[in-house]
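Please read these numbers as outputs of a predicted model, since none were measured by experiment. Residue numbers begin at 1 in each chain, while the letters A, B, ... track the order of the sequences.
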Protein chains: 2
Amino acid sequence: MDGTSLRERKKQRTREALIDAAFELFTTKGFEATTVDEIAEAVEVSSRTFFRYFGSKEDVATSVQLQQFLDVYSALDARPAGEPVVTALRHAVGQVLRAYEEGGDDAFQFACVMRLVQDSPAVMARSLEMCTEQLDEMALRVAGRMGVDPIADPRPKLVAAVASAALQVAVRAWRETEPDEKVSDLADRAFALLEAGINYPPPA
Amino acid sequence: MDGTSLRERKKQRTREALIDAAFELFTTKGFEATTVDEIAEAVEVSSRTFFRYFGSKEDVATSVQLQQFLDVYSALDARPAGEPVVTALRHAVGQVLRAYEEGGDDAFQFACVMRLVQDSPAVMARSLEMCTEQLDEMALRVAGRMGVDPIADPRPKLVAAVASAALQVAVRAWRETEPDEKVSDLADRAFALLEAGINYPPPA
DNA sequence: CGACATCTGTCAGGCACTGACAGATTCGCT
DNA sequence: AGCGAATCTGTCAGTGCCTGACAGATGTCG
């Protein structure tokens, strides 16, 4: 049952092999032009086995995105307790994004997933669905920071949803800008706007 | 080419018949248990014709949601020019939702779509995708209200995305609350929170 | 009425995805 | 090592979504 058993290691290896093969094919042929059979063949398993690891062809991409969410959670937990929630989210997200930008290993895969999400509607749809699935988890952490009940108080869920939306806007702006503006900067600016309030013009 | 030609009227009729039949079957049998063939049979057309009207089975639901977006746009344009954007969105959305709650015709269909979106993942995914498609349009109107460039200034897109997220949170909260709390009230509260700022605790 | 455009049904087919079964692999135990 | 149990995998058959291509029906306009 532990992670060092032969069975578990084999499973992990085929799982990663499937992800690698899938991204290789997605980037060269495109998402919809790639069939599950091709991915499975590249790893020398049956297509039936593919569906035992991933619920759908899109899930290969979203499984990577899920890990990114978990990274944000870790970074969020590491932020000081007194920090306001949006500010904490701003720093946590910026931290994770900068790590992806500089870390050579996952940097390619990260850009790969982002392009995939923006370019193929099916992946986009599944990705958005996964993001909303993660909203409860994120709301839970926000509620913890605020010291309020995550069910009775609507604010944690709102903050989580708004933060997720801001991040999506930043990523999309990143994909659309011609020069290589950094995602981390775009996201940082988006969160900074959230901190200041968005009911323009401010009724001061 | 005008809307009163026989051909156009026939098309409109089959389109509405398909939507009605689809919702009838979705509510009784469930979304995934309903096949496109069944919907087409109920209207006495071929399933091929169904796909000439709707790009996918999910699109039957999202086509209705699209109309709701258009309603919000109309309401938004009717708001006074000086009003801050989030406040204007709050009133526009509230106005549209209250109309759906009281209008007996579309009230049933509205509740129907909302249940559909929350209950079946495929519809949820497609719905979210359509919402992001509408973000540009909404951002355009927000930019007009703010009197800024919708491309150079990132704020309109951010406001649109945040407002959409807030609305989604409200709808989801509505579906989860046992008693019949009104969507319009939940949405109003969510937008009110946005107006006040969400960087809790406020660093006052 | 006739030329034309448009809509529809039928057919064939690809691809995503699933349940069921049998064979192979690994695990836990003696 | 050896044996039964649990788990993983491949094969097969099948359903359902969705699409291109063609031919026939229907509406449109001079």
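In this structure, A:Lys182 and A:Arg98 have side chains that are not in contact, with every pair of non-hydrogen atoms separated by 4.5 Å or more. Counting heavy atoms from C-beta outward, A:Ile19 and A:Gln109 have side chains that approach closer than 4.5 Å.
Following rounding to the nearest Å, B:Lys10 (NZ) and C:dT8 (P) show an atom-to-atom distance of 8 Å. Atom pair A:Phe31:CZ and C:dC15:P shows a separation of 14 Å (rounding to whole Å applied). The distance from atom NZ of A:Lys11 to atom C1' of C:dT26 is 12 Å, rounded to the nearest whole Å. The distance from atom CG of B:Asp37 to atom P of C:dT10 is 11 Å, rounded to the nearest whole Å. Summarising the geometry, the separation between CG on B:Leu6 and C1' on D:dT28 is reported as 10 Å, rounded to the nearest angstrom. For the pair B:Glu44 CD and C:dT10 P, the interatomic distance rounds to 12 Å; values are reported in whole Å. Distance CD1 (B:Ile39) to C1' (D:dC18): 13 Å, rounded to an integer number of Å. Atom CZ in A:Phe54 sits roughly 16 Å away from atom C1' in D:dC8 (whole-Å rounding).
Nearest-nucleotide positions on DNA chain C for A:Glu58 and B:Ser46 put B:Ser46 closer to the 5' end. The nearest heavy atom of DNA chain D to B:Val36 and to A:Arg48 marks one nucleotide each, and the one closer to the 5' end goes with A:Arg48. DNA chain D is contacted by both B:Arg7 and A:Thr14; A:Thr14 maps to the nucleotide lying nearer its 5′ end (nearest heavy atom per residue).
Between A:Phe69 and A:Tyr73, the ring planes are tilted. Angles from 30° to 60° get that label. Classification of the B:Phe50-B:Phe54 ring pair by plane angle, with boundaries at 30° and 60°, yields tilted.
Distances shown here put every side-chain N or O of A:Ser47 at or beyond 4.0 Å from the OP1 or OP2 atom of C:dA16. The phosphate of D:dG27 has neither OP1 nor OP2 within less than 4.0 Å of any side-chain N or O from B:Ser5. A sub-4.0 Å separation between OP1 or OP2 of C:dC7 and a side-chain N or O of B:Tyr53 is absent.
Under 3.5 Å, the side chain of B:Arg9 and the base of D:dG27 form no donor-acceptor pair of N or O atoms.
Looking at A:Glu181 and A:Arg189, a side-chain N of the basic residue comes within less than 4.0 Å of a carboxylate O on the acidic one, giving a salt bridge.
Taking only side-chain atoms of A:Arg52, from C-beta outward, the nucleotide of C:dC21, C:dC17, D:dT19 with the closest atom is C:dC21.
If you check every strand for non-hydrogen atoms under 4.0 Å, B:Thr35 touches sugar and phosphate atoms only.
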